[in-house]
There are 2 protein chains.
Amino acid sequence: MAKPISQAAKPAPLEDAEPSLPATYEEMVHAISASYDRLSKRLKQIAGYSLDHPNDFAIDTIAETARKAKVQPSALIRFAQAFGFDGFSDVQRLFQQRLLEARPSYESRLASVRDCGENTPSALLDRFVEGNMAALEHLRQEIQPNKLAEAVRLLGQADVIHIIAMRRAFPLAAYFFYLVTTMGRRAQLMDSVGGLGREQQVLIGPNDALFVASFSSYTTEVVQAAEKTLRRGIPVIALTDHPLSPLTTNSTVCFHVEDAAVHDFRSLGASMCLVQSLVVGLATGN
Amino acid sequence: MAKPISQAAKPAPLEDAEPSLPATYEEMVHAISASYDRLSKRLKQIAGYSLDHPNDFAIDTIAETARKAKVQPSALIRFAQAFGFDGFSDVQRLFQQRLLEARPSYESRLASVRDCGENTPSALLDRFVEGNMAALEHLRQEIQPNKLAEAVRLLGQADVIHIIAMRRAFPLAAYFFYLVTTMGRRAQLMDSVGGLGREQQVLIGPNDALFVASFSSYTTEVVQAAEKTLRRGIPVIALTDHPLSPLTTNSTVCFHVEDAAVHDFRSLGASMCLVQSLVVGLATGN
DNA sequence: AGTTCAACAGAAAATTTATTCTATTTTAAG
DNA sequence: CTTAAAATAGAATAAATTTTCTGTTGAACT
């Protein structure tokens with residue numbers, strides 16, 4: 001008999017100017033983020049789910065995905081068609097490929113970590129990851145809970161928290177400052193803009209506290225600030241890299257953190273983690 | 001005659017002494033190799049195929065697998081039943097789980113990090129260490145070596161590297177700037193001191209490159225800087241936290257990093273690690 | 001060689017899954 | 001506020017998958 005209703009009116013894709021449809025997971029992600037704004041509410045919902053749970057999205061059936069993403073199965077087909085695909089299965093295939101492609105790299109990755117000769121960026125990344133993880137583990141083992149508690153107590157009593165750190169330690173100061181102001185506490189980041197560092201120090205009041213961080217070739221200005229402040233009887237919490245650091249003696253509580261290093265470039269991962277613990281400890285009121 | 005309370009006509013598994021059926025891929029592999037000899041010819045064929053192509057086995061339909069393994073679909077069901085399963089789908093589920101387990105830890109571990117018990121500073125530190133380690137592991141698995149290499153290449157060709165990041169992302173900018181200037185390259189950190197951000201953007205030359213980082217509630221100024229620069233045909237390397245970030249579309253190369261979070265305070269450990277890898281990759285001349 | 005029985009291929013049935021369709025709701029425009 | 005258009009939910013349909021079933025084959029044993 002006659003041909004059944006074949007493909008009559010294929011609903012036009014989102015954009016006429018979309019000649020080639022995504023062929024890989026990466027391209028799909030890019031396509032999704034590029035046209036996210038133009039999607040309707042329900043389609044946005046699906047887009048978000050697919051990006052947040054790419055694994056489930058790859059292996060679940062349409063019905064399951066619909067349930068998990070709180071949409072109707074038909075919405076998933078519309079989602080696929082909005083990007084120019086025939087049906088949902090085509091989209092899902094991209095997500096499945098991603099799962100397969102992630103596999104083989106694992107063994108070769110490990111090999112590249114051990115072989116310390118390679119300097120490809122991803123080999124470096126592997127080594128930094130390794131190093132940072134080791135440093136974090138070390139931090140957890142070495143840290144003394146009572147020191148931590150004492151530091152949090154001192155910071156908690158402070159009226160204003162002043163922060164000084166320079167050069168490599170400066171990101172710590174910036175992060176500390178961001179966190180502490182975000183949670184609504186008064187803080188002062190000494191940035192020495194316009195050479196006003198000296199003047200800013202005078203602003204440390206008797207009920208305040210000072211957080212300092214300094215590494216290796218210890219910046220004189222930072223050490224002196226700690227020294228002066230401590231002499232005035234104001235609590236100084238210090239973060240440094242070695243017991244023989246000048247900050248050890250010029251502080252009320254001093255933490256020694258050994259960060260990872262590759263090619264003489266030293267990380268900040270463990271130090272950042274400690275800073276975070278201090279501030280969040282402060283936030284949760286201990 | 002002791003008629004056993006029969007479970008209908010359930011075909012007895014290969015071995016009576018097989019009380020518990022495999023619950024993971026690993027167990028399944030073990031079960032297969034243990035009883036391989038006792039399998040029939042066709043079932044051996046399937047066993048071999050499943051072990052040689054576990055990936056295809058996980059995502060193909062029964063029909064496709066049957067075709068690829070040169071057996072009848074029904075043979076696959078018999079295979080599953082020979083190991084005590086109800087049907088083929090149960091076996092396939094084990095193989096699918098294996099694909100997901102390639103990235104197992106991250107979500108589950110972060111979840112355990114989030115739900116809190118103690119809030120003493122050292123308990124927090126423990127959780128942050130856990131979270132950061134999981135995030136680092138996740139970073140390693142998700143990062144694409146070619147993206148990394150491309151970013152390093154673009155940065156390497158740049159005359160001057162410009163850096164923009166604010167609020168929570170600012171420490172990354174500071175660290176990037178410190179590392180890159182330490183190794184003797186020209187860099188410009190856009191700090192908006194005195195509200196001069198807009199003027200600084202004009203200083204980006206045609207042979208330069210831009211590094212931007214921005215998270216969650218994306219700072220408009222940063223996004224606009226990326227957009228403008230990209231439009232001028234200048235390479236933009238971006239670091240952000242989600243595929244739907246506005247930076248995804250407004251950059252030449254974009255990295256998505258999921259950092260750990262405890263009590264809504266998000267870490268920077270993984271991001272810092274990526275920054276470090278980029279810069280050191282640059283330094284070691286790849 | 002003849003008998004028995006497990007293994008098998010292939011077809012048929014049952015189930016699940018993907019897609020289409022339509023009435024309804026929501027959203028945007030006048 | 002009314003109307004038109006787009007988007008959506010849910011049922012209906014079509015397609016595909018998985019599973020069961022049946023007759024046949026081939027090997028092991030007598």
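Computed from heavy atoms alone, side chains included, the values below leave out hydrogens, waters and symmetry copies.
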Rounded distance (Å) that lies between atom [atom2] of [N] and atom [atom1] of [X]:
{"X": "A:Arg93", "N": "D:dA16", "atom1": "CZ", "atom2": "P", "value": "12 Å"}
{"X": "B:Lys70", "N": "C:dG10", "atom1": "NZ", "atom2": "C1'", "value": "19 Å"}
{"X": "A:Phe85", "N": "C:dA18", "atom1": "CZ", "atom2": "P", "value": "16 Å"}
{"X": "A:Lys41", "N": "C:dT26", "atom1": "NZ", "atom2": "P", "value": "9 Å"}
{"X": "A:Lys44", "N": "D:dA7", "atom1": "NZ", "atom2": "P", "value": "11 Å"}
{"X": "A:Leu43", "N": "D:dA6", "atom1": "CG", "atom2": "C1'", "value": "12 Å"}
{"X": "B:Phe57", "N": "D:dT18", "atom1": "CZ", "atom2": "P", "value": "11 Å"}
{"X": "B:Leu76", "N": "D:dT18", "atom1": "CG", "atom2": "C1'", "value": "11 Å"}

Within the 3.5 Å criterion, strictly below it, is a donor on [X] or [Y] matched to an acceptor on the partner's side chain?
{"X": "B:Ser245", "Y": "B:Thr240", "answer": "yes"}
{"X": "B:Gln96", "Y": "B:Arg93", "answer": "no"}
{"X": "A:Gln81", "Y": "A:Arg78", "answer": "no"}
{"X": "B:Asp259", "Y": "B:Ser267", "answer": "no"}

Open item on the list: Can you confirm whether A:Lys68 is buried at NZ, in the sense that more than 12 heavy atoms of other residues, nucleotides or ligands lie under 6.0 Å from that atom?
Closed with: yes
N/O (side chain, [X]) to phosphate O (OP1/OP2, [N]) under 4.0 Å:
{"X": "A:Gln72", "N": "D:dT8", "value": "no"}
{"X": "A:Arg78", "N": "D:dA7", "value": "no"}
{"X": "A:Ser89", "N": "C:dA18", "value": "no"}
{"X": "B:Ser40", "N": "C:dA6", "value": "no"}

TODO: Please tell me which of the listed nucleotides, C:dA9, C:dA18, D:dT8, lies nearest to the side chain of A:Gln92?
DONE: C:dA18
Task: A:Ile62 side-chain proximity, nearest of D:dT18, C:dA18, D:dT8 - done: C:dA18
Open item on the list: Quick check against the 3.5 Å criterion: does A:Asp56 have a side-chain atom that pairs as donor or acceptor with the backbone of A:His53?
Closed with: no
Task: Side chain A:Gln92, main chain A:Phe57, donor-acceptor under 3.5 Å - done: yes
What nitrogen or oxygen pairs link the protein and nucleotides 20-29 of chain D at under 3.5 Å?
{"from": "D:dT20", "atom 1": "OP2", "to": "B:Gln81", "atom 2": "NE2", "distance (Å)": "3.2"}

